[in-house]
Amino acid sequence: MFPEYFDSGMQAMDVRGILLGSLAQWIPDERFAIWQIGTAEGRLDIVVPLSDMSHNLIVKDLQPQRFDLIRWCREDGRVDAPILHDVRPLHEGFGTHYLPPDYCPIGGVVADAKELIHSIATDPLRRFVHAVFEDRFVCNHFWTMPASMRHHHAYPGGLAQHSVEVAQDVATQGRLTDLERDLGIAGGLLHDIGKVWAYTADTFMSNEGMAMGHELTGLTRLSPQLRELRDHWADGAYAMSVLLGGCGRLRSDGSMPSALVARIRACDQRSCERSGGPSTRPGRSWMPKVYQPI
């Protein structure tokens with residue numbers, strides 16, 4: 001580790017966080033490119049002097065890193081963006097811990113999501129949810145895209161807000177066992193995760209989404225994370241597959257899937273009803289007006 005100061009105008013910084021962004025931003029052979037570090041407190045612009053350095057970070061899922069930075073303080077008081085000097089992985093914590101509070105344009109949503117994930121007591125299930133949100137593609141889309149094109153939560157950040165509302169609703173329901181609550185929170189947060197692949201950037205259905213729908217798309221895309229969960233807790237992987245698939249119909253052998261599917265669907269509908277939006281749209285539930293004493 002280098003000393004705190006090299007000279008009167010050069011300062012060393014040690015920042016723990018994640019590199020934000022996507023591979024689409026990376027330009028081969030570009031030197032001194034501006035990137036952003038995400039921390040639990042906010043974002044920090046940094047200069048990455050070599051394209052190989054940024055490429056090695058951006059091709060990976062979100063991983064906690066220790067960024068050793070150098071910044072210059074000019075005589076006129078201006079401070080340049082710090083330059084990346086070295087980066088080392090942190091072998092503790094999760095990338096989601098370092099999502100900045102404003103990563104979702106709707107205030108409080110990131111903090112609420114972190115709190116929900118932290119409350120999952122079943123260790124392999126909590127790690128599974130972290131792994132999903134550490135997927136760089138998920139991270140780059142989930143927090144900013146709408147939940148629908150024209151209906152409920154149809155605005156930037158609506159998908160994350162809606163998912164958090166569903167998980168919060170499940171978490172506060174009574175007569176659930178601790179395990180059911182854990183699975184319900186995970187299922188609520190991830191019930192619409194397939195939309196990040198099922199919709200294009202301009203919120204039209206992708207071919208993948210049109211072919212399979214967002215639930216089956218999400219179940220298919222999360223195969224690597226489900227495989228890792230199955231290695232540590234097979235029953236948990238089976239349960240999450242059912243919840244992600246979202247099918248609550250009677251099976252051909254007469255058995256029924258987990259009742260948590262119906263609970264999450266009910267919380268999903270309730271979040272949609274409470275979001276407002278066009279009251280005349282097809283499929284919208286009728287809502288009674290609040291009683292007003294005469």
Side-chain angles (χ1 to χ4, degrees), residues 1-2 11-26 33-49 52-71 79 81-121 123-145 156-157 159-161 163-164 167-168 185-186 189-190 193 196 222 224-225 228-229:
M1 180 168 177
F2 42 75
Q11 181 183 3
M13 299 173 62
D14 177 0
V15 177
R16 289 164 169 79
I18 52 176
L19 186 71
L20 303 174
S22 70
L23 187 59
Q25 299 170 241
W26 180 75
I34 301 292
W35 291 85
Q36 277 193 335
I37 294 175
T39 74
E41 291 75 36
R43 311 186 197 202
L44 174 67
D45 287 338
I46 67 167
V47 176
V48 181
D52 287 350
M53 295 178 71
S54 56
H55 183 269
N56 291 339
L57 293 170
I58 206 66
V59 295
K60 301 174 183 176
D61 289 342
L62 300 182
Q63 296 179 352
Q65 306 280 351
R66 172 179 168 172
F67 298 89
D68 291 337
L69 308 169
I70 306 169
R71 69 177 179 182
V79 178
I83 295 179
L84 181 61
H85 171 72
D86 192 18
V87 58
R88 286 165 282 175
L90 291 175
H91 300 292
E92 57 185 26
F94 297 93
T96 46
H97 291 162
Y98 296 96
L99 284 173
D102 65 346
Y103 211 59
C104 176
I106 302 171
V109 169
V110 172
D112 287 344
K114 290 182 181 181
E115 183 178 353
L116 284 163
I117 298 171
H118 181 72
S119 73
I120 297 174
D123 182 68
L125 184 61
R126 186 177 64 257
R127 290 179 174 273
F128 165 75
V129 177
H130 276 300
V132 173
F133 286 116
E134 287 173 342
D135 181 285
R136 192 167 288 275
F137 188 87
V138 170
C139 182
N140 289 336
H141 294 80
F142 175 82
W143 301 102
T144 55
M145 69 183 294
L159 177 60
Q161 183 186 43
S163 301
V164 165
Q168 288 175 327
I185 291 173
L189 285 172
L190 302 179
I193 199 68
V196 304
L222 296 187
Q225 293 89 341
E228 178 72 15
L229 176 59

Answer whether the closest heavy-atom distance between the side chains of [X] and [Y] falls below 4.5 Å.
X      : Y      : value
Val109 : Trp143 : yes
Pro82  : Ile70  : no
Leu44  : Met13  : yes
Leu116 : Ile120 : no
Ile37  : Tyr98  : no
Ile83  : Ile46  : no
Leu84  : Met53  : yes
Val196 : Asp135 : no

Smallest separation among heavy atoms of [X] and [Y], with atom names:
X      : Y      : answer
Ala160 : Cys104 : CB-SG, 4.2 Å
Cys139 : Leu62  : SG-CD1, 3.4 Å
Leu19  : Ser54  : CD2-O, 4.3 Å
Pro124 : Leu229 : O-CD1, 3.5 Å

List for me each residue that meets side-chain hydrogen bond (donor to acceptor under 3.5 Å, both in side chains) alongside [X], sequence neighbours excluded, and say none if there are none.
X      : result
Ser163 : none
His97  : none
Asp45  : Gln36

- Task: Verify side chain to side chain contact (heavy atoms under 4.5 Å, CB included) between Gln65 and Leu90, making sure each step is shown before the conclusion.
- Result: CA-CA 5 Å; Gln65 306 280 351; Leu90 291 175; 5.7 Å; no

- Begin with the C-alpha distance, continue with both residues' side-chain angles, and end with the deciding distance and a verdict on side chain to side chain contact (heavy atoms under 4.5 Å, CB included) for Val132 and Leu190. CA-CA 9 Å; Val132 173; Leu190 302 179; 3.8 Å; yes

- Message: So, using side chain to side chain contact (heavy atoms under 4.5 Å, CB included) as the criterion, who are the partners of Pro105 when residues are at least two apart?
- Response: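 Testing Pro105 for side chain to side chain contact (heavy atoms under 4.5 Å, CB included), a comparison that skips the adjacent residues, returns Thr144, Pro156.
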
Once rounded to the nearest 0.5 Å, what's the spacing between atom [atom1] of [X] and atom [atom2] of [Y]?
X      : Y      : atom1 : atom2 : result
Gln225 : Phe128 : CD    : CZ    : 6.5 Å
Asn140 : Ile58  : CG    : CD1   : 7.0 Å
Asp52  : Leu57  : CG    : CG    : 11.0 Å
Asp86  : Arg66  : CG    : CZ    : 9.0 Å

- Query: Who pairs with Asp102 by salt bridge (charged side-chain N to carboxylate O under 4.0 Å, His left out), at least two apart in sequence or on another chain?
  - Reply: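 Partners of Asp102 by the salt bridge (charged side-chain N to carboxylate O under 4.0 Å, His left out) criterion, ordered by chain and then number, come out as Arg43.
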
- Could I get the full list of salt bridge (charged side-chain N to carboxylate O under 4.0 Å, His left out) partners for Arg136, not counting sequence neighbours?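 Arg136 satisfies salt bridge (charged side-chain N to carboxylate O under 4.0 Å, His left out) with no other residue.
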
- Between Arg88 and Asp68, is the closest basic N to carboxylate O distance under 4.0 Å?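 Result for this pair is yes, salt bridge flagged.
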
- Task: Output every pair passing salt bridge (charged side-chain N to carboxylate O under 4.0 Å, His left out) with a member in residues 108-118, not counting sequence neighbours, ordered by first then second residue.
- Result: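 Every pair satisfying salt bridge (charged side-chain N to carboxylate O under 4.0 Å, His left out) with a residue in residues 108-118: there are none.
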
- Going by the salt bridge (charged side-chain N to carboxylate O under 4.0 Å, His left out) test, which pairs reach into residues 54-65, not counting sequence neighbours?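 As it turns out, there is no salt bridge (charged side-chain N to carboxylate O under 4.0 Å, His left out) pair with a partner in residues 54-65 once direct neighbours are skipped.
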
- Item | Stepwise side chain to side chain contact (heavy atoms under 4.5 Å, CB included) test for Leu99 and Ile18 | CA-CA 8 Å; Leu99 284 173; Ile18 52 176; 4.1 Å; yes

[X]: what forms a ring-ring contact (aromatic ring centres under 6.0 Å, His included) with it, not counting sequence neighbours?
X      : answer
Trp35  : none
Phe142 : Phe133
His118 : none

- Sequence neighbours excluded, every pair satisfying side chain to side chain donor-acceptor pair (under 3.5 Å) that has a member inside residues 124-134: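 The answer is Thr96-His130, Asp123-Arg126, Asp123-Arg127.
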
- N/O donor-acceptor pair under 3.5 Å between Gln25 side chain and Ser22 backbone: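 Yes, Gln25 side chain to Ser22 backbone: donor-acceptor pair under 3.5 Å.
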
